[in-house]
Amino acid sequence: MDKFTVARMLDEISRYIELSDPNPFKARAFEKAARAVENLEEDIVTLVESGGLKDVSGVGKATGQVIEEIVRTGGSPYLEELRAQYPPGIFELLRVPHLGLKKIGVVYSELGVASIDQLEEAARSGALNKLKGFGAKTTEQILKGVAFARMRESQFLLPVGIEVGELIRERLADFDEIEDAEVSGSVRRRLEVIRNVNIVVATKKPEAVVARLSDLVADVEQLDDTTYRGVARGEVPVLFHLAAPAEFGSVLLRTTGSEEFVEAFGKIAKAKSETDVFKKADLAYVEPERRENAEDLQRKTRRKLVELANLRGTFHVHTTFSDGRNSMQEMLSAAHQRGWEYVGISDHSPTAYYAGGLSPERLKEQHAEIRRHERDVAPMRVFRGTEADILQDGTMDYGPKILSKLDFVIASVHSNFKMDKDEMTDRILRAMDDPNVTFIGHLTGRKLLAREGYTVEYERIFEKAGQRGVMIEINGNPNRLDLDWRHIHRAVDHGVTFSINPDAHSIGEYNAVITGTWVARKGGLSAKHIFNTKTVDEVAEFFASRHAS
DNA sequence: GCCGTTTTCGGCCCGACTGTTTTCAGTCG
């Protein structure tokens, strides 16, 4: 039993309580206990055995008993009891925007609504309208939300596609009838949101392969002579493209797309490898990430794209000091294990209350904690930073006195998302005027498949960033991937430098530098455009020069 | 439900926004 499993169960209990209990603090108590468990330094099993659980702040009599039961038996009778009171899948309703646990609790207890279909029916029939607290506008909003949730059902974040594709490819490798298999389509192009997973299979015995597809995916159906469709994980469509080995390269190129790119390519000669297809067409090879537009094919000069191995370190890393899930020690040691030359720690600033933003005193404690652990990770260097809020008027959270003492400052918008384009642009431009600001974090605040970002005038921001030497973050968190790769070339024109940052809230989320690198490649960036390909000395020198100017 | 106390009950992380209200509740970040 590990602490994260315990925390997940406590979170689930918290959600059930919020559905039915009018006292919001009871649900929050379980949530708090979940966070306390996640942040435990000691092994949870040892802690329970030694009776030390009662000394953990945020864990009391009731939550302590639940935790103990989970650790000892793997389950919780209390949670089972709660689960039994509601239909399974009721939390799917959370996918509808503006519908929270309180309202879900009401629609279930009053109308028995426990699925998106039932919710839509209740909205259309007018039953929803009759409930206390639900007016015409709420009904309208919910109907829109239902449509949004349905639309999202058929779209997936890139890592889902990567994982499904790789797992199937690995299993295909065990098939004797298969000579080669490769993921193609939008997953291979590393598009941030995908609709399906495409896999090209080279085989001389297509019938034998088809007979075994149902071992890999459900609901197998034939689309045409060489294409079969199935469903992975109960929701992700997978397309299998069967090819004779001599045509593997041509089919790979055609099914990788994009449609526009393939059309621009013209006649695709039959070939075993993709590089041969390019050769036969007398065209220079184009990396899959760069195959979105016709221009990608026609471009005369091709930069060498940045690679993950070029990154010597990274910035934008949270710890348990604010809303991260791993301690300073864990985050530093995980960065060290990745072989990085440096890492930049940046917890939230005070205005981000909901994320546990650091008061000036806590910031000092954080620095003391860095000092305690940085020798253990030497020679890796630890840079002291912050992810500071850009306030509504464009000034920075924390005063210049604090900001000027830090190695770097990531300036991010976390509030008042609904400002209009000009206001929001002015707000960010003003932040860039602050000499202490080093990076602009997640430029539009978007959450893929969840919410639109705020709108900004890219041209004005890139121009200023170029002039002021402020770097634009490529936030590699797969939910964000913000800056959008479609705008990168315009920033390059203004001489902007980028930083591939993970926005890591746990050691696992350091992997966001991988997705971030894909975005940089899609935007056509080389190592020279990326700040965190620089050596530790170059980085330190740059930070020092910012303070001197 | 948890915490802390001038110890056994009152407060709990804040602000903006929206819709439903006529003074507030729910959602979101």
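Every chain is numbered from 1, with letters handed out A, B, ... down the list of sequences.
- Contact annotation for A:Val56: backbone-only contact, meaning every heavy-atom pair under 4.0 Å involves sugar-phosphate atoms and none involves a base.
- Taking atom CG on A:Asn416 and atom C1' on B:dC28, their separation rounds to 12 Å, with Å as the unit.
- A salt bridge is defined here as a Lys NZ or Arg NE, NH1 or NH2 lying under 4.0 Å from an Asp or Glu carboxylate O, and A:Glu163 with A:Arg233 meets this definition.
- Nucleotide B:dC12 holds its C1' atom 10 Å from the CG atom of A:Asn23, rounded to whole Å.
- Here the P atom of nucleotide B:dC24 and the NZ atom of A:Lys102 are 18 Å apart, to the nearest Å.
- Partner of A:Phe531 under the ring-ring contact (aromatic ring centres under 6.0 Å, His included) criterion, out of A:Phe498, A:Phe543, A:Phe408: A:Phe543 alone.
- Proximity of A:Thr351 to the phosphate of B:dC14: no side-chain N or O atom is located under 4.0 Å from OP1 or OP2.
- The residue among A:Lys447 and A:Thr139 whose nearest nucleotide of DNA chain B lies closer to the 5′ end is A:Thr139.
- Using a 4.0 Å heavy-atom criterion, one finds that A:Ser415 contacts no nucleic acid atom at all.
- Going from the P atom of B:dT21 to that of B:dA16 covers 24 Å, rounded to whole Å.
- Rounded to the nearest Å, the gap between the C1' atom of B:dT5 and that of B:dG15 is 29 Å.
- A:Arg95 and A:Glu153 are joined by a salt bridge, as a carboxylate oxygen and a charged side-chain nitrogen come within less than 4.0 angstrom of each other.
- A:Lys132 comes within 4.0 angstrom of no nucleic acid atom, judged by non-hydrogen atoms across all strands.
- Between B:dT20 and A:Thr138, a contact under 4.0 Å exists linking OP1 or OP2 to a side-chain N or O.
- If you measure from atom CZ of A:Phe134 to atom C1' of B:dT21, you get 15 Å, rounded to the nearest angstrom.
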| request: Might you work through the ring-ring contact (aromatic ring centres under 6.0 Å, His included) test for A:His487 and A:His489, ending with a clear yes or no? | output: CA-CA 6 Å; A:His487 301 294; A:His489 71 278; 8.0 Å; no
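- Of the candidates A:Tyr86, A:Tyr78, A:Tyr108, A:Phe30, A:Tyr16 forms a ring-ring contact (aromatic ring centres under 6.0 Å, His included) with just one, namely A:Tyr86.
- Nearest to the side-chain atoms of A:Gln141 among the listed nucleotides B:dG19, B:dC13, B:dG1 stands B:dG19.
- In this structure, the CD atom of A:Gln392 is 9 Å from the C1' atom of B:dA16, given to the nearest Å.
- Spacing of P atoms, B:dA25 relative to B:dT20, comes out at 16 Å, to the nearest Å.
- For the pair A:Lys61 NZ and B:dC3 P, the interatomic distance rounds to 13 Å; values are reported in whole Å.
- Atom CG of A:Leu131 is separated from atom C1' of B:dT20 by 13 Å (rounded to the nearest Å).
- When the C1' atom is compared between B:dG1 and B:dT8, the two are found 15 Å apart, to the nearest whole Å.
- Residue contacts for A:Ser57: at a heavy-atom cut-off of 4.0 Å it reaches the sugar-phosphate backbone alone, with no base atom in range.
- Comparing the same atom, P, in B:dC9 and in B:dC14 gives a spacing of 25 Å after rounding to whole Å.
- A salt bridge between A:Asp347 and A:Arg384 is absent, with no side-chain N of the basic residue lying under 4.0 Å from a carboxylate O of the acidic one.
- Closest to the side chain of A:Lys103, out of B:dT18, B:dG26, B:dA16, is B:dG26.
- As a whole-Å value, the separation of A:Leu99 CG from B:dT18 P is 18 Å.
- Distances were taken from every side-chain heavy atom of A:Phe417 (C-beta onward) to each of B:dC2, B:dA16, B:dG29; the shortest belongs to B:dG29.
- If you check B:dT8 for Watson-Crick or wobble pairing at under 3.5 angstrom, you find it has no partner at all.
- Between B:dC28 and B:dC13, the distance separating the two C1' atoms is 14 Å to the nearest Å.
- A:Leu101 comes within 4.0 angstrom of the backbone, heavy atoms only, and of no base.
- Residue-level contact check: A:Gly356 touches neither bases nor backbone, having no heavy atom under 4.0 Å from any strand.
- Backbone-only engagement by A:Pro97 is indicated by non-hydrogen atom pairs under 4.0 Å involving sugar-phosphate atoms exclusively.
- Between A:Arg362 and A:Phe321, some side-chain heavy-atom pair lies under the 4.5 Å cut-off.
- DNA chain B is contacted by both A:Tyr78 and A:Ile104; A:Tyr78 maps to the nucleotide lying nearer its 5′ end (nearest heavy atom per residue).
- Residue A:Ala136 is classed as a sugar-phosphate contact, given heavy-atom separations below 4.0 Å to backbone atoms only.
- One C1' atom belongs to B:dC12, the other to B:dC17, and the distance between them is 23 Å to the nearest Å.
- With both ends at atom C1', the span from B:dG11 to B:dT7 equals 15 Å, rounded to whole Å.
- The aromatic ring of A:Phe25 sits over the base of B:dC12, with ring centres less than 5.5 Å apart and planes inclined by under 30°.
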